[in-house]
Amino acid sequence: MDEAALLRDAQQGDLDAFNRLVLAHQSRAYALAARMLGDSEAAADVTQESFLSLYRHLRDFRGGSLRAYIMRSVTNACYDELRRRKRRPSVSLDAMASSDGEDDSGRAFEPADPGETPEDQLARGEIRRAIEDCLRRLTDEQRAVVLLADVQAMDYSEVAAVMQTALGTVKSRLARARANLRDCLALRGELLPEAFRLEGEPSA
Amino acid sequence: MKPSTSLPAHDLERLSAFLDGQLSDSDRTVLLARLQHEAALARALEELRRVRGALRALPPIRLPRNFTLTAEMAGRTRPRAARGFVFAWGSALATLALAAVAVTDLAGGGLMAARVAAPAMPAAELQMAPGLVPAPTGPEPRAAADNQADQTTPGESAAPSGTLAGSDSITETAGALLFAQEKSSGATATPAPAEASRLGPPSSPMPTPTAEGEALLTLGGGAGSSTPTLPAEPPRESTAPTAVSVAPALISPLRLIEAGLAVLALALAVAALLARRVRR
């Protein structure tokens, strides 16, 4: 059954149809919340609350991208949570990393090579930690836009719909976020494998 | 090397949009021409490409659990919302009712007090009649009655000072008190002098002789006193039951309603807050 039909049934109170929609989108929703918040428990709470809120207000949904609608709900809930607690993450994202190959979007996140050496795995872990650390140093808006556009592979118009902002704002925020990440990763260049090492050091 | 963040903002945006295929054809043509000649621009593009590649290479995050809704979760969303709504409105209505009752109470306060005090009088009279018969049993009750009497009427409060002034004053004061008693108790006061003269001596012993006690001793001994002045005692006792019988009537029903409404409004407000918190 396609998403439109499930949505129609869910809007008429079919909980099974709604839960099938949840299963289709929960990985993206939780991944966005986890990387926005850097806290697995808070991310789970925010994700659950977002789906509960979606169920309550499903009749208000007037078409468009359901994925964008869900991501907007999650993003706004993350902003609220970040405003509520201005503290450092209590649980590292390392603990949440999975060795599974794909998310529910069907897009591969570079599955681990079966022939990968322990050194390669270590290097991969270093890259991930470096990127996640640099992501945390971005502003909330820059982090959201880079997670939606680069990690979740949304196009600009969809990101604009999620963030409820103009397309031009998405472009400029994304460019600034990528540039900041580039500078942050360049500072860690020696730690990264050659393939990810950025040339040159940023001037102070 | 120039850090990419030091590039002009419009160049950064063009490079970023170029990576995502979001440039218009004309902008794309111009940028491609510049990339042929500007090495820094080409390097920055390559760096941004690597950053994007690293982000896309992030491993997925393992789900801690499924986020599907149970029938209970789905079912309790709306009733809880409705319950919070009912609590909030109930609290508001209780507050309004409290305000209305309070205004009514304030506006009619004097009238109410008068209504409450008026029916208390016959009750006082009923309790006063037996008060004439029994003798005071000890010094404390009488002392308490004295205190009450001192605070009730000026005529009665003058009694102790009158007893100190002299027997003439005592006679006048006792006469005034007798008159007051006759007025208030009617026929029941008639045997009072005889009763009082009989009961006078037992009531007189005081552990610590006060001025009033001395006066009573004088009166009880009857030395040179032919006038029935002893009934000064019963009126003092009669005023005490009057005060006691009126006191409970001062808690008017309106006050009880106000207190009830205040408690109700507070409880509903707390319930509404709790319902909202649970919903979050």
Side-chain angles (χ1 to χ4, degrees), chain A residues 15 18-19 22-23 26-27 29-31 34-35 40-41 44 47-49 51-52 55-56 93 96-103 107 109-110 112 124 127-128 131-132 135 146-147 149-151 153 155-156 171-172 174-176 178-183 185-186 195-196 198-203, chain B residues 1-23 27 39-40 42-82 278-280:
Chain A
L15 185 59
F18 179 79
N19 279 335
V22 172
L23 290 172
Q26 64 178 1
S27 292
Y30 177 72
R35 289 203 162 101
S40 58
E41 283 184 22
T47 306
Q48 187 69 78
E49 191 56 40
F51 281 120
L52 207 53
Y55 182 76
R56 281 181 203 142
L93 284 174
M96 296 188 284
S98 163
S99 59
D100 297 335
E102 289 188 343
D103 74 345
R107 182 171 62 80
F109 271 116
E110 288 197 355
R124 187 179 288 277
I127 296 165
R128 195 191 68 240
I131 291 171
E132 285 170 351
L135 277 172
V146 88
L147 287 174
D150 285 343
V151 180
D155 62 36
Y156 283 18
K171 280 184 184 177
S172 59
L174 183 58
R176 180 58 55 184
R178 285 171 171 167
N180 286 337
L181 280 172
R182 179 262 166 219
D183 290 347
L185 290 171
F196 291 96
L198 300 174
E199 294 172 13
E201 295 292 323
S203 57
Chain B
M1 177 207 150
K2 247 179 164 180
S4 53
T5 44
S6 67
L7 285 174
H10 60 270
D11 279 348
L12 270 177
E13 284 184 32
R14 284 194 182 112
L15 289 174
S16 181
F18 176 75
L19 272 179
D20 297 327
Q22 297 286 327
L23 272 186
D27 286 345
R43 198 179 298 115
L45 177 64
E46 181 56 25
E47 288 166 359
L48 290 180
R49 195 192 305 275
R50 285 190 181 191
V51 166
R52 193 182 66 163
L55 288 167
R56 291 190 170 185
L58 279 173
I61 291 177
R62 187 178 54 244
L63 277 177
R65 58 184 165 89
N66 276 329
F67 294 102
T68 50
L69 304 187
T70 62
E72 186 197 2
M73 289 163 77
R76 78 184 178 201
T77 53
R78 291 181 194 283
R80 274 196 176 170
V278 167
R279 224 166 48 212
R280 279 180 188 166

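Letters A, B, ... are given to chains in the order of the sequence lines, protein chains preceding strands, and every chain is numbered from 1.
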Discussion item. Among B/Ala17, B/Ala9, B/Gly21, B/Ser16, which residue has the highest count of heavy-atom pairs closer than 4.5 Å to chain A?
Written reply: B/Ser16
Discussion item. Donor-acceptor pair, distance only, cut-off 3.5 Å: does the side chain of A/Arg128 make one with the backbone of B/Pro59?
Written reply: no
Fill in: Any side-chain heavy-atom pair of A/Gln48 and B/Leu69 under 4.5 Å
yes
Worksheet item: What part of A/Ala149 lies closer than 4.5 angstrom to a heavy atom of chain B: side chain, backbone, both or neither?
Response: backbone
Item to complete: Please identify each residue that fulfils side chain to side chain contact (heavy atoms under 4.5 Å, CB included) with A/Ala44, with sequence neighbours left out.
Response: A/Tyr30, B/Pro64, B/Arg65, B/Phe67
Worksheet entry | Distance in Å, A/Arg178 CZ paired with B/Glu47 CD, rounded so as to fall on 0.5 Å steps | 14.0 Å
Item to complete: Sort A/Leu15 into side chain, backbone, both or neither according to what part of it lies under 4.5 angstrom from a heavy atom of chain B.
Response: side chain
Response to the item:
Rounded to the nearest 0.5 angstrom, the CG-OG1 distance for B/Asn66 and A/Thr47 is 12.0 Å
Practice prompt. Hey, could you give me the CG/CG distance between A/Asp150 and B/Asp20, rounded to the nearest 0.5 Å?
Written response: 6.5 Å
Worksheet item: Where on A/Leu135 is there a heavy atom nearer than 4.5 Å to chain B: the side chain, the backbone, both, or neither?
Response: side chain
Worksheet entry | Beyond-backbone contact of B/Leu58 with A/Arg35, side-chain heavy atoms, under 4.5 angstrom | yes
Worksheet item: What's the shortest heavy-atom distance between B/Val51 and A/Leu185, and which atoms?
Response: CG2-CD1, 4.3 Å
Worksheet item: What residues, two or more places apart in sequence or in another chain, satisfy side chain to side chain contact (heavy atoms under 4.5 Å, CB included) together with A/Ser172?
Response: B/Glu13
